[in-house]
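Reminder, nothing fancy here: chain letters follow the sequence lines and each chain counts from 1. As the structure is a prediction and not an experimental result, all values here were calculated from the model.
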Amino acid sequence: MECDRNRLQDYVHETLSADGRAAVDEHLAACATCRAALAEIAERASAVADRLAALDPGSPAETADPSIAFARFRSWTRTQQPHIRTTLKSRIEMFTRTIAESPDVRRRWRLAAIGVAVIAALVTVISYAPARDKLAEFLSIFRVRQFSAIQIDRAQLDKLSALQETLKKSNIAAPICERQPGPPQKVASGAEATTAAGFTVQVPDALPPGAVLKEFNVTAGPSVRVDFDPQQIESILAGAGINGVKLPPMKAGSVRVDVGNVVEQAYEVPNGGKSPTAVRVVQAISPAVTLPPGADPTALGETFLQILGLPSADAHRIAATIDWTSTMVIPMPVGLASFREIKIHGTPGLFMEQNRQAGEGAGHDQPTRHMSVILWQDGGIVYSVMGQNITPSEMLRIAESLR
Amino acid sequence: MTGGGWNDAEFERLFRAHFAGIYRVLFRIVGSRQEAEDLAQEVFLRCYQVWDPSAHPVRPWLYRVAMNLAFNERRDRRRRDVRNDKAGRIETAIGDPPDPDPSEAIAREEEREAVRRTLDTLPPRQAQILLLRHAGLSYREVAEALEVVPASVGTLLARAEAAFEEAHRSGAGRASRAAAAAQKKEGHHGV
């Protein structure tokens, strides 16, 4: 054999046949030049391997669980069921549940929550990323990675309620349930919930003293489709007194939202039924949203901000600063609720609370309650901790105690 | 779901057999669990829907799709960074994106980013051949993934390794930070 650098390269990468290797070995024994070349090639290959290995996932926070990944995947591909029309009310309830569910929330808080939920349909249209790849243009799939909040005023909230009424009456953009949510399945422990849900379910370690488990169940989430027609939407917005909103040029199409398994735990400190201290923990695979081809999330985001009442110049400027590809923006009615950004074990999240005043002024026939919510996302799972009569620091402690 | 007419158990086997490897190579490129997980979902969804078993062996096909998605993601991120810089930070109620993890892992992350920047300086084909080969693909699989003749893989790989080492040793990864900043100012997007 003659000196051949390519063969030495193959030798280092162990791609030669046994005979090929033997021939190189024989040549190396007799050729000092090739021995030196081999050492150089081997050293280089190993240096490259080391540098690339430094890029490997290291800590558990960087590793992905194939079972969670597959559960997420299956939520896409699950057999679609015949289309069943549901009312807007049930759709609103579905979204409200994850934001402010409580067996007996005050009327005004419920109103605020509905204000949030009404726009949830629009949120889902715009909160997600465009396809990352041209090949995937026919298939735009998005997931929530972070949450942000934006304040809206009362007058706008009233208009949004009017919008809700109009939508309900006209049956426009009514959601179609392509897969009904399953019945809640009761579970006894985190381990049992993990098995039922297909992802690692976490249980809070730090609960208020005396808290008892009232509910622990796993529910298969629905898959919902909303068909929309931009012209109809424009006329409905005008009908609700929301004027001057510019829709980006787009054709009629459908948006799909697929909600995977949802796990809920409810804890309560019994106190004779009057305004108990209660905690509800909801965990779900980050909902998957499919947009029609060609939809521009930034342009839709701008429309969304206009619908929330931002002047068009502000909507334009702010929409450009948001990564609509991964952020779910939650409208917060001014005066009723406030929010701030927090970190849960270093993961960014959103803390929202009902204003004390709003709660206290809502009627004297009921005891005062104070509601708060923490929302965050980690590893493809969306977490929400909802508390009643729990201080913000306690809320954060509960959120951080999930394990 | 019509998809590629998959039997569920069959696809689950395929998913579980290849997920870890695909996730790892994606993580090497994008450096974030979230992004790597999302991209892995897209890789397998694409496989579920459009992979043609009669035309391509699955493993190199999956890696090819992963390469394309991850390289596009990295390019898009650079563009987004440019756009966000231009827009500037505006004081609003809208939350900022999460800060990078301010822990002791910063030094390691800088080293990683230097390696990624070195990869960025190479022609994409060279970077991809390194990533594929060092992900454990055989020459034949690398050839299939990159659509080159198998006999050329050794030579291409040797060239890529030499280019990578030279670029890294000369500090391309570190130097390109300044270059990237300069590029941002000029409004170029890079590839």
Side-chain angles (χ1 to χ4, degrees), chain A residues 5-7 9-10 13 15 41 44-45 47-49 51-59 61-64 66 69-70 72-74 76-80 132-136 139 141 143 145-151 317-318 320-323 326-327 329 332 339 341 346-348 350 379-380, chain B residues 1 3 11-12 15-16 19-20 23-24 27-28 31 33-34 36-42 44-46 48-49 68-69 72-73 76 80 83-84 87 89-90 92-99 101 103 105 108 111-112 115-116 118 130-131 133-134 138-139 154-155 157-158 161-162 164-165 168:
Chain A
R5 260 189 96 87
N6 284 342
R7 278 180 84 74
Q9 172 81 14
D10 295 346
H13 278 271
T15 60
I41 291 169
R44 201 176 59 206
V48 173
R51 294 199 210 288
L52 293 178
L55 300 178
D56 276 344
S59 66
E62 291 174 347
T63 49
F70 189 70
R72 270 179 70 180
F73 184 80
R74 196 158 46 190
W76 295 107
T77 54
R78 222 182 271 157
T79 312
Q80 289 177 6
R132 292 190 177 85
D133 189 275
K134 283 196 188 96
L135 291 170
L139 192 82
I141 299 156
R143 286 188 185 274
R145 289 186 203 162
Q146 48 185 315
F147 299 93
S148 277
I150 183 163
Q151 292 196 308
R317 195 190 47 177
I318 294 170
T321 68
I322 298 176
D323 183 359
S326 62
T327 309
V329 176
M332 285 277 119
F339 68 93
E341 281 151 36
T347 304
L350 199 59
Chain B
M1 196 83 192
F11 196 82
E12 181 168 357
F15 187 101
R16 289 182 182 273
F19 177 81
Y23 172 78
R24 178 163 160 248
F27 188 91
R28 281 183 165 192
R33 178 177 81 173
Q34 192 64 62
E37 282 188 323
D38 286 356
L39 292 170
Q41 292 283 328
E42 289 189 35
F44 285 100
L45 192 60
R46 207 70 68 72
Y48 189 85
Q49 293 181 323
N68 289 338
L69 291 173
N72 286 343
E73 170 69 22
D76 290 351
R80 270 203 303 274
R83 195 180 64 186
N84 289 347
R89 295 247 64 88
I90 295 171
T92 72
I94 304 294
D96 289 333
D99 295 331
D101 183 14
S103 72
R108 191 165 71 125
E111 174 54 31
R112 284 173 162 186
V115 175
R116 285 194 199 97
T118 304
L130 289 177
L131 286 158
R133 177 58 186 159
H134 288 276
S138 69
Y139 275 25
T155 316
L157 184 63
E161 285 182 345
F164 176 88
E165 270 307 281
H168 198 73

Below 4.5 Å from any heavy atom of chain A, which atoms of B:Y23 appear? Answer side chain, backbone, both or neither.
side chain
Counting only heavy atoms closer than 4.5 Å, note whether A:T63 contacts chain B via side chain, backbone, both or neither.
backbone
Is it the backbone or the side chain of B:A158 that comes under 4.5 Å from a heavy atom of chain A, or both, or neither?
both
Report the C-alpha distance between A:L55 and B:E111 in whole Å, list the side-chain angles of each, state the deciding distance to 0.1 Å, and finish with yes or no for side-chain contact (heavy atoms from CB on, under 4.5 Å).
CA-CA 9 Å; A:L55 300 178; B:E111 174 54 31; over 6 Å; no
I'd like to know if B:E165 pairs up with A:R51 as an ion pair, taking the criterion as any Lys NZ or Arg NE/NH1/NH2 lying under 4.0 Å from an Asp or Glu carboxylate oxygen.
yes
Just so I understand: if I count every heavy-atom pair under 4.5 Å between each of B:A40, B:A20, B:G154 and chain A, which residue has the most?
B:G154
Can you tell me which portion of A:N6 sits under 4.5 Å from chain B's heavy atoms? Options are side chain, backbone, both or neither.
side chain
What residue, out of A:A54, A:G58, A:P57, has the most heavy-atom pairs lying under 4.5 Å from chain B?
A:P57
Please determine whether side-chain contact (heavy atoms from CB on, under 4.5 Å) holds for the pair B:Y139 and A:D10, giving the CA-CA distance in whole Å, both sets of side-chain angles, and the decisive distance to 0.1 Å.
CA-CA 9 Å; B:Y139 275 25; A:D10 295 346; 3.3 Å; yes
Engaged part of B:A162 at the chain A interface, taking heavy atoms whose separation is under 4.5 Å
both
Answer key: most heavy-atom pairs under 4.5 Å with chain B among A:A69, A:A49, A:A53 is A:A69
Salt bridge (Lys or Arg N to Asp or Glu O under 4.0 Å) involving B:R28 - partner list, sequence neighbours excluded:
A:D56
How far apart are the closest heavy atoms of A:H13 and B:R133, and which atoms are they?
O-NH2, 2.6 Å
When heavy-atom pairs shorter than 4.5 Å are enumerated against chain A, which of B:F44, B:F19, B:F15 gives the highest number?
B:F15
Okay, B:R112 and chain A: the region with an atom under 4.5 Å from a heavy atom over there is both
Residues forming a salt bridge (Lys or Arg N to Asp or Glu O under 4.0 Å) with B:R33, sequence neighbours excluded:
A:D378
Taking atom CZ of A:F70 and atom CD of B:E12, what is their separation to the nearest 0.5 Å?
4.0 Å
